[in-house]
Chemist: 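Once you've had a glance at the structure underneath, I'll fire off some questions.
Below, chains carry the letters A, B, ... as their sequence lines are ordered, and counting in each starts from 1. Just so it is clear, the structure is predicted and the values come from calculations on it, not from any experiment.
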There are 2 protein chains.
Amino acid sequence: MLTEPAYRIGSAAHLFPRADRRDLPLGPRSPTNSIELLGSAVSFVRNAEIYAEREPADYLYKVLSGTVRTYRALMDGRRQVGAFYLPGDIFGLESGEEHVFSAEAVVDSTVMVVDRGIVTSLAACDRDVARQLWALMGRELERTQDRLLLLIKTAHERVASFLLEMADRLPSNDEVELAMSRQDIADYLGLTIETVSRMLTQLENASAIALPTSKRIVLRDREVLKRLIA
Amino acid sequence: MLTEPAYRIGSAAHLFPRADRRDLPLGPRSPTNSIELLGSAVSFVRNAEIYAEREPADYLYKVLSGTVRTYRALMDGRRQVGAFYLPGDIFGLESGEEHVFSAEAVVDSTVMVVDRGIVTSLAACDRDVARQLWALMGRELERTQDRLLLLIKTAHERVASFLLEMADRLPSNDEVELAMSRQDIADYLGLTIETVSRMLTQLENASAIALPTSKRIVLRDREVLKRLIA
DNA sequence: CGCCAGGTTGAAGAGAATCAAGTGATGTGG
DNA sequence: CCACATCACTTGATTCTCTTCAACCTGGCG
């Protein structure tokens, strides 16, 4: 399915993850985001691997800048992107000991890395941290469940849903700068790049959106999009 | 999409859920399944609604006998079955205050109903209960993630995966009695009943399975099935 | 300038959905 | 106990959506 896995070469990240780490001071922690203050910032270049499927899940990650994708691959090359994580999002949380997905930087990204053991032992005594972890897992579950519903829809509906989701999650209103490639989007939506491309042009022709550049998308008519998502 | 929603009529369950409740003694609880000893058993007839989407999630449920399906419906009738729960399985756990899915009995079923508040307050002091809840949520997440991967596969692969999953989860080895209808399976796999039926006959013709009756399925050649799931 | 990855577009094909008919089980009432 | 109705499942023919294969743009960059 993926004829050229060239974009998957970035895994050299393993060789330098701690290179540019800046250890952060452990100041007094606020109750709402105590989790994030225990780690160090690490940078990853575009397509660099942050962790791989079946690796021990020893860390939690929070996106500081850039975008991260998680994915699973079938042996024949088909790939399912599990989620895109934007600045502020936390990822890498697992109930088991190993990562179920792989994680890669979509573009050059900076990520806060937090030791999992520290967080869990903190959660053991601090009610509030425990609640945060619970909420985090819950949000992850809900998002995955939403994707289930998305994957039974038509190509039109999936692409429209994707655009609205991204518009919601990105700061901008009505104009979004997508970090990910068409291949990423396709693998997220369970479609091919050609289909994604076609749906976008059709939406543009219906003047529901505008495409100043291939990655920049202007939502012209949210109502049309919403009507499309079924 | 579903021309006749006739099979959705069973929601009369609301009228009698507590009718045949048998309160259970709260004996000394074992650490491994303490959650389940705080509830009462309730029976639901085939297709009866156990709870509906957006209802407050005040209870946890454990299947004692029968089978339960959770699902979400799109306004145009399309339905996505979230999961099937078999005897021993726990369902209804939500991170938020409301159910995201609806739940119905696939066949006449008995379910243990546990007050959510009791469980969570128990979890607050009992480390072990908290860990159980965490594991439960984690398992739910992993299952949902597995479904994501399933929904990008072909019809053959989905049906083969489904059969292997059910064979794993049901007591029997190599012979499974499916409680759910073709429509349920189709809505679980994101296919139509016709496609499910066709894939089953094809598997039968390939002598990977046998179908003594429409609900009873014998796994003749697991290897063929495994090769199919990609 | 020209290369090349990423993106778009077109034509042909495959796979699943839809539409439609038939078969088989189950249950009900006479 | 059988005739009939109903429901669930299967099978066939056709349609349609999305994929596949292929060519062609486009924009960034050495």
Chemist: Can a side chain N or O of B/T192 be found less than 4.0 Å away from OP1 or OP2 on C/dA16?
Modeler: no
Chemist: Sugar-phosphate atoms are those with a prime plus P, OP1 and OP2; base atoms are the rest. Using that split, label each nucleotide of nucleotides 7-14 of chain C B, S or - for protein heavy atoms under 4.0 Å, 5' to 3'.
Modeler: SBBBB---
Chemist: Between B/R72 and B/D187, is there a side-chain N and carboxylate O pair less than 4.0 Å apart?
Modeler: no
Chemist: Less than 4.0 Å between a side-chain N and a carboxylate O, is that true for A/E177 and A/K215?
Modeler: no
Chemist: For B/E165, is there an ion pair with B/R143 - N to carboxylate O distance below 4.0 angstrom?
Modeler: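 Result for this pair is no, no salt bridge flagged.
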Chemist: Quick one: A/H156 NE2 to D/dT17 C1', roughly how many Å, whole number?
Modeler: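 My rounded result for the distance is 10 Å.
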Chemist: Is the distance between the ring centroids of A/Y51 and A/Y61 less than 6.0 Å?
Modeler: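 Yes.
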Chemist: Are B/D174 and B/R222 close enough for a salt bridge, meaning some N to O gap below 4.0 Å?
Modeler: yes
Chemist: Nearest whole Å is fine: how far is D/dC9 C1' from B/R216 CZ?
Modeler: 17 Å
Chemist: Can we say B/E97 and B/R116 salt-bridge, meaning some charged N sits less than 4.0 Å from an Asp/Glu carboxylate O?
Modeler: yes
Chemist: Nearest whole Å is fine: how far is C/dG6 C1' from A/N47 CG?
Modeler: 12 Å
Chemist: For A/R78 and D/dT19, give me the distance from atom CZ to atom P, rounded to whole Å.
Modeler: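 Value for this atom pair: 12 Å.
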Chemist: Return the value, rounded to whole Å, for the distance between atom NZ of A/K153 and atom C1' of D/dC18.
Modeler: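 Atom NZ in A/K153 sits about 18 Å away from atom C1' in D/dC18.
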Chemist: Would you say C/dG6 has OP1 or OP2 under 4.0 Å from some side-chain N or O of A/R46?
Modeler: yes
Chemist: Tell me: CD1 of B/I185 to P of D/dC9, nearest whole Å?
Modeler: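 My rounded result for the distance is 8 Å.
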Chemist: In whole angstroms, how far is the C1' atom of D/dT10 from the CD atom of B/Q202?
Modeler: 13 Å
Chemist: Which part of the nucleic acid does B/T213 contact within heavy-atom distance under 4.0 Å: base, sugar-phosphate only, or nothing?
Modeler: nothing
Chemist: Are B/R69 and B/F84 in a cation-pi contact, defined as NZ or CZ under 6.0 Å from the six-membered ring centre and within 45° of the axis?
Modeler: no
Chemist: A/D187 has an atom CG; how far is it from atom C1' of C/dG6, in whole Å?
Modeler: 14 Å
